[in-house]
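Along the sequence shown, residues carry numbers from 1. Small disclaimer: the values here were computed from a predicted structure and weren't measured.
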Amino acid sequence: MYRLKLYITGKTPGSEKLLSEMTKMLDLNCEGKYTLEVLDVFEHPETAYEDMILATPTLIKILPEPVRRIVGDLSNRERVLAGLKIEGF
C-alpha cells in the first residue's frame, strides 16, 4: 500500500488538472493500492512547514519507506513513477 501526500498552492485550474492526472496515473499503476492526501499550503501552512515544503507542487511517498519526494513538474509519468520507486519502475 502506497501512502502519498501532494502539496499544491491554491485551488486553481492548474492544480485541479494536476490532481486529475495524478489520480489517473496512480489508478493505472498502483491498482487502487494507494492513498493520496492533497494539501493546500495556504490552508495547511503548519503541515507544509513540518514536511519542509519549499515549492509546489510537491509529491511525497511516505510508505513504503524510504520516503521519496518529487518537486515541480509532475506531468512526466515515467519520471514520477521512477522517482517514487513505484513497482515496475
Open item on the list: Would you say that Leu26 contacts Leu36 through its side chain, given a criterion of any heavy-atom pair below 4.5 Å between the two side chains?
Closed with: yes
Open item on the list: For Ser20 and Thr23, which I'm curious about, is there any donor-acceptor pair between the side chains at under 3.5 Å?
Closed with: no
Task: Leu4 side chain reached by Thr35 side chain, heavy atoms, under 4.5 Å - done: no
Open item on the list: Between Tyr7 and Asp40, is there a side-chain donor-acceptor contact under 3.5 Å, judged purely by atom types and distance?
Closed with: no
Open item on the list: Between Lys61 and Tyr2, is there a side-chain heavy-atom distance shorter than 4.5 Å?
Closed with: yes
Open item on the list: Quick check on side chain to side chain contact (heavy atoms under 4.5 Å, CB included): which of Lys5, Arg69, His44 does Ile53 satisfy it with?
Closed with: Arg69
- [ ] Give a yes or no on whether Leu81 and Val67 share a hydrophobic cluster (residues Ile, Leu, Val, Met, Phe, Trp, Tyr; joining criterion: side-chain heavy atoms under 4.5 Å apart).
- [x] no
Task: Approximate separation, where rounding is to 0.5 Å, of Cys30 SG and Met25 CE - done: 8.0 Å
Open item on the list: When you compare the side chain of Leu6 with that of Leu19, does any pair of heavy atoms fall below 4.5 Å?
Closed with: yes
- [ ] Drop me the distance from Leu74's CG to Thr58's OG1, to the nearest 0.5 angstrom.
- [x] 8.0 Å
Open item on the list: Is the shortest side-chain heavy-atom distance between Leu84 and Ile70 below 4.5 Å?
Closed with: yes
Task: Leu54 side chain reached by Val71 side chain, heavy atoms, under 4.5 Å - done: no
Task: Over 12 foreign heavy atoms within 6.0 Å of CE, Met52 - done: no
- [ ] Measure across Ser15 and Gly10 and return the closest heavy-atom pair with its distance rounded to 0.1 Å.
- [x] OG-O, 2.9 Å
Task: Flag if over 12 foreign heavy atoms under 6.0 Å of CD, Glu65 - done: no
Task: Interatomic distance, Lys33 atom NZ to Ile86 atom CD1 [nearest 0.5 angstrom] - done: 12.0 Å
TODO: Without swapping roles, check the side chain of Arg3 against the backbone of Glu37 for a donor-acceptor pair under 3.5 Å.
DONE: no
TODO: Find out whether Lys11 and Glu43 are in side-chain contact, i.e. whether some heavy atom of one side chain is under 4.5 Å from a heavy atom of the other.
DONE: yes
Open item on the list: What I'd like to find out is whether the side chain of Val41 reaches to under 4.5 Å of the side chain of Ile8, using heavy atoms alone.
Closed with: no
Open item on the list: Can you tell me how far apart CG (Asp27) and CE (Met22) are? Round to the nearest 0.5 Å.
Closed with: 11.5 Å
Open item on the list: Do Ile62 and Leu59 land in one hydrophobic cluster if side-chain heavy atoms of ILVMFWY residues count as linked below 4.5 Å?
Closed with: no
